[in-house]
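Heavy atoms only: backbone and side chains are in, while hydrogens, waters and symmetry mates are out. Just so we're on the same page: letters track the sequence lines, and every chain starts at 1. Computed from a predicted structure; not experimentally measured.
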2 protein chains.
Amino acid sequence: MASVNTQFSIAVHVMAAIAHHDGVFASEVLARSVNANPVFVKRILVKLSKAKLAKTTVGKSGGYGLARSPKSISLLDIYSAVNPPDAFAIHTYPKRKECIVSSNIKEVMSDVLVGTEEAVHGHLRQTTLADVVSIIRARSG
Amino acid sequence: MASVNTQFSIAVHVMAAIAHHDGVFASEVLARSVNANPVFVKRILVKLSKAKLAKTTVGKSGGYGLARSPKSISLLDIYSAVNPPDAFAIHTYPKRKECIVSSNIKEVMSDVLVGTEEAVHGHLRQTTLADVVSIIRARSG
DNA sequence: TTATATGGATACTAATATAGTATCTGAAAA
DNA sequence: TTTTCAGATACTATATTAGTATCCATATAA
């Protein structure tokens with residue numbers, strides 16, 4: 001939902017770029033590689049770093065590298081790191097106590113949302129960063 | 001107020017209200033019942049009507065009723081009717097031809113998105129409007 | 001027939017989330 | 001000590017979502 005949010009997509013792109021080239025790269029280099037706004041990419045890299053998916057080295061010759069092997073990083077890890085909005089939002093209008101639908105719908109929808117998020121997570125958990133790199137290499141070859 | 005898209009949530013609320021009370025109701029009545037903005041609810045009702053989930057009668061004593069039995073309407077039907085945004089968006093930065101990651105990532109992410117949407121749909125398909133009404137009644141009783 | 005209530009549409013404003021720009025700080029390496 | 005990096009901040013721009021006001025055509029009850 002909710003989404004015009006491209007951060008997950010960009011996060012996977014930069015992680016795949018790092019994994020494919022297997023090295024440490026400055027955020028500016030990665031941004032150019034993605035053809036994206038440098039600060040926007042930087043902000044996503046900070047999230048990946050805080051989620052301990054990327055490790056950083058500061059100063060001259062510093063940059064971003066992977067903190068773990070591509071095989072051990074799932075798309076769910078990356079998805080969670082950038083913290084995208086939920087699959088859908090539940091409205092916040094006040095309850096009307098005299099109406100049992102109004103009084104209970106939010107809780108019902110909340111359960112539906114939890115199930116939906118689990119479905120999304122379950123799917124994203126099945127693919128690793130290593131898979132993504134393999135697919136890219138297979139496609140280009 | 002536009003934190004994210006709440007239309008699916010409101011659509012289920014309105015449909016559950018119609019199903020629970022089993023009748024034909026004017027959009028203004030439904031909006032009051034949901035404690036929501038009348039025109040916003042109206043716009044959602046129009047979508048439900050176009051998706052043939054609600055049937056409308058115009059003029060005095062007109063309003064919205066269900067077009068099918070609650071048992072035959074899934075949450076996926078309602079979800080599709082309001083046409084919410086995808087689970088995530090894929091960035092639109094131009095490809096860099098010399099980079100195989102950049103050249104292929106969008107197609108890979110597109111497949112991931114399709115799978116994710118299928119997971120969401122699969123989950124929402126499992127619950128019907130009749131289920132929602134049952135749950136609400138059980139909770140209130 | 002006529003007054004009225006309805007669905008449906010449109011134009012506009014307001015609020016919010018996302019993305020883009022510019023600039024700065026502090027640390028680490030050369 | 002100079003350069004280069006991560007990371008942060010403040011601001012602007014844009015897109016999406018939600019809210020407000022108003023109108024029209026039509027069906028129906030009176």
Please report, to 0.1 Å, the donor-acceptor pairs under 3.5 Å made by any side chain of residues 111-119 of chain B, with sequence neighbours excluded.
unit_1	atom_1	unit_2	atom_2	d
B/Thr116	OG1	A/His123	ND1	3.4
B/Thr116	OG1	B/Val112	O	2.7
B/Glu117	OE2	B/Ala87	N	2.7

Taking only residues two or more places apart in sequence or in another chain, which ones pass side chain to side chain donor-acceptor pair (under 3.5 Å) with [X]?
X: B/Ser9; result: A/His91
X: B/Arg43; result: none
X: B/Ser33; result: none

Original post:
the helix from C/dT1-D/dA30 to C/dA30-D/dT1: angle between its terminal axes, five pairs each, to 10°?
Top reply: 10°
Original post:
Contact class for B/Lys47 (heavy atom, under 4.0 Å): base, sugar-phosphate, or nothing?
Top reply: nothing
Original post:
Touch check for A/Lys55, heavy atoms < 4.0 angstrom, all strands: base, sugar-phosphate only, or nothing?
Top reply: nothing
Original post:
Closest to the B/Val46 side chain: D/dA29, D/dT17, C/dA9?
Top reply: C/dA9
**OP:** Side chain of A/Val4 only, please: which of D/dT16, D/dA18, C/dG7 is the nearest?
**Re:** D/dT16
**OP:** Let me know the distance between NE2 of B/His91 and P of C/dG20, rounded to the nearest Å.
**Re:** 11 Å
Subject >> Separation of atom CD1 in A/Ile44 from atom P in D/dA6, rounded to whole Å >> reply: 15 Å
Original post:
Of the residues in residues 15-32 of chain A, which ones touch DNA chain C at a heavy-atom distance under 4.0 Å?
Top reply: none
Original post:
How does protein contact run along nucleotides 21-28 of chain C, one letter per nucleotide 5' to 3', with B for base contact, S for sugar-phosphate only, - for none, heavy atoms under 4.0 Å?
Top reply: BB---BBB
Ignoring hydrogens and angles, write down the donor-acceptor pairs under 3.5 Å from the side chains of residues 44-55 of chain A, residues two or more places apart or on other chains.
unit_1	atom_1	unit_2	atom_2	d
A/Lys47	NZ	A/Gln7	OE1	2.8
A/Lys47	NZ	A/Val82	O	3.3
A/Lys55	NZ	A/Leu66	O	3.3

Subject >> Salt bridge present between A/Asp77 and A/Arg68 (N-O < 4.0 angstrom) >> reply: yes
Reckon [X] has a side-chain N or O less than 4.0 Å from the OP1 or OP2 of [N]?
X: A/Ser61; N: C/dA30; value: yes
X: A/Tyr93; N: D/dA18; value: no
X: A/Ser49; N: D/dG7; value: yes
X: A/Thr57; N: D/dA6; value: no

**OP:** Identify, with sequence neighbours excluded, every residue that meets ring pair (Phe, Tyr, Trp, His ring centres under 6.0 Å) alongside B/Phe8.
**Re:** A/Phe88, B/Tyr79
Original post:
Quick one: salt bridge (Lys or Arg N to Asp or Glu O under 4.0 Å) pairs with a partner in residues 127-141 of chain A, sequence neighbours left out?
Top reply: none
Original post:
Residues in salt bridge (Lys or Arg N to Asp or Glu O under 4.0 Å) with B/Arg96, at least two apart?
Top reply: B/Glu98
**OP:** Check salt bridge (Lys or Arg N to Asp or Glu O under 4.0 Å) between A/Lys95 and all other residues, then give those that pass, not counting sequence neighbours.
**Re:** A/Glu107
**OP:** Decide yes or no for A/Ile18 and A/Leu30: does some side-chain heavy atom of the first lie under 4.5 Å from some side-chain heavy atom of the second?
**Re:** yes
